[in-house]
Amino acid sequence: MTAGEANRRTLADELAAGVVALIRERNLEAGAQMDTVRAMAERFAVAVPTMREALRRLEAMGVVVLRHGSGVYVGENVRRSVLPNPHGPLLTSESLVDLLLARSTIEPPIAAMGATVRDPDGVERITETLHEAERCLIERNERLWVVNLDFHRAVAQASGNTVLAEVVDSIVLVHAQEQREILRLHGDEGEDFEEHRRIARAVLDGDADEAYRASKEHLDNVIAAIRSRRPDSGR
């Protein structure tokens with residue numbers, strides 16, 4: 001990451017913290033409509049694209065929802081959000097692989113449990129996010145990385161275990177930017193989608209063994225891709 005990229009990341013994180021403070025100051029609840037992106041950009045004295053980047057980070061954490069043609073709304077996670085540290089270390093292949101290794105330990109058993117339990121809300125959310133991801137692929141919509149995070153959260157929700165679902169949710173909330181960088185470095189959005197579809201099919205079919213394998217192989221494939229493509233890779 002260059003110095004310019006690091007500065008943009010810090011500014012976006014600080015803007016995200018400012019938006020959360022604004023939500024709390026106004027005591028807004030989930031579902032409430034917020035100011036327009038342009039109005040918020042003027043409030044924080046930044047360019048509209050910079051403001052939109054900060055809002056996308058909050059969207060990945062479930063703090064806000066961006067609805068095309070409608071506006072910005074408060075998201076369901078606003079009251080329990082944990083913002084990334086704006087002054088945290090820069091992303092490296094080591095930190096990204098560490099995150100993926102943690103996920104490869106945690107998520108496959110949860111996917112297997114999802115296939116066994118098939119919580120109705122989680123199953124519905126898996127189907128919805130997979131369809132939305134396909135639309136994003138076709139339309140080349142940059143929201144794909146957010147939808148991909150929602151897919152993994154949906155698989156955890158299908159387990160019916162709220163604690164396990166919150167564990168995965170917390171990983172997503174705290175490491176949203178790392179997840180975005182992982183997708184960028186992976187490079188093959190179509191392959192990523194097909195692997196998600198395999199996980200979804202296993203969960204929906206109630207095949208716990210296949211759900212475990214599909215989840216594990218998916219994450220292992222991503223780890224291999226990051227290790228091979230990251231310039232500072234050496235692990």
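Positions are given from 1 along the sequence. Quick note: numbers below take in every heavy atom, side chains included, and nothing from hydrogens, waters or symmetry partners.
Side-chain contact between V19 and M51 is present, with heavy atoms from C-beta onward closer than 4.5 Å. The shortest side-chain heavy-atom distance between V74 and M34 falls under the 4.5 Å cut-off.
Taking 4.0 Å as the cut-off between side-chain N and carboxylate O, R125 and E132 do not count as a salt-bridged pair. Taking the charged nitrogens against the carboxylate oxygens, R26 and D35 do have a contact shorter than 4.0 Å, which makes a salt bridge. We find that E107 and R103 are joined by a salt bridge, their nearest charged nitrogen and carboxylate oxygen being less than 4.0 Å apart. Ion pair R197/E194 flagged as a salt bridge, since at least one NZ, NE, NH1 or NH2 atom sits closer than 4.0 Å to an Asp/Glu carboxylate oxygen. A salt bridge links R57 with E53: the closest approach of a Lys/Arg side-chain nitrogen to an acidic carboxylate oxygen falls below 4.0 angstrom.
Heavy atoms only, all atoms of each residue included: V168 and R153 are closest at CG1-CA, 4.3 Å. Shortest non-hydrogen contact noted between D207 and E210 is OD1-N, 3.1 Å. Minimum heavy-atom separation, F193 to L130: CE1-O, 3.4 Å. The nearest pair of heavy atoms linking A30 to G75 is CB-O, 3.6 Å.
Looking at N221, its side chain does come within 3.5 Å of a backbone N or O of E217 through a donor-acceptor pair. Remark: the backbone N or O of S70 is paired with a side-chain donor or acceptor of Q33 at under 3.5 angstrom.
Residues D119 and Q157 bring no donor and acceptor atom of their side chains to less than 3.5 Å of each other.
The aromatic rings of H196 and H218 sit perpendicular, their planes meeting at an angle over 60°, well past the 30° parallel limit.
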Inset, instruction - Give the C-alpha distance, both sets of side-chain angles, the deciding distance and a yes or no for side-chain contact (heavy atoms from CB on, under 4.5 Å) between I223 and L96. - result: CA-CA 8 Å; I223 290 171; L96 295 177; over 6 Å; no

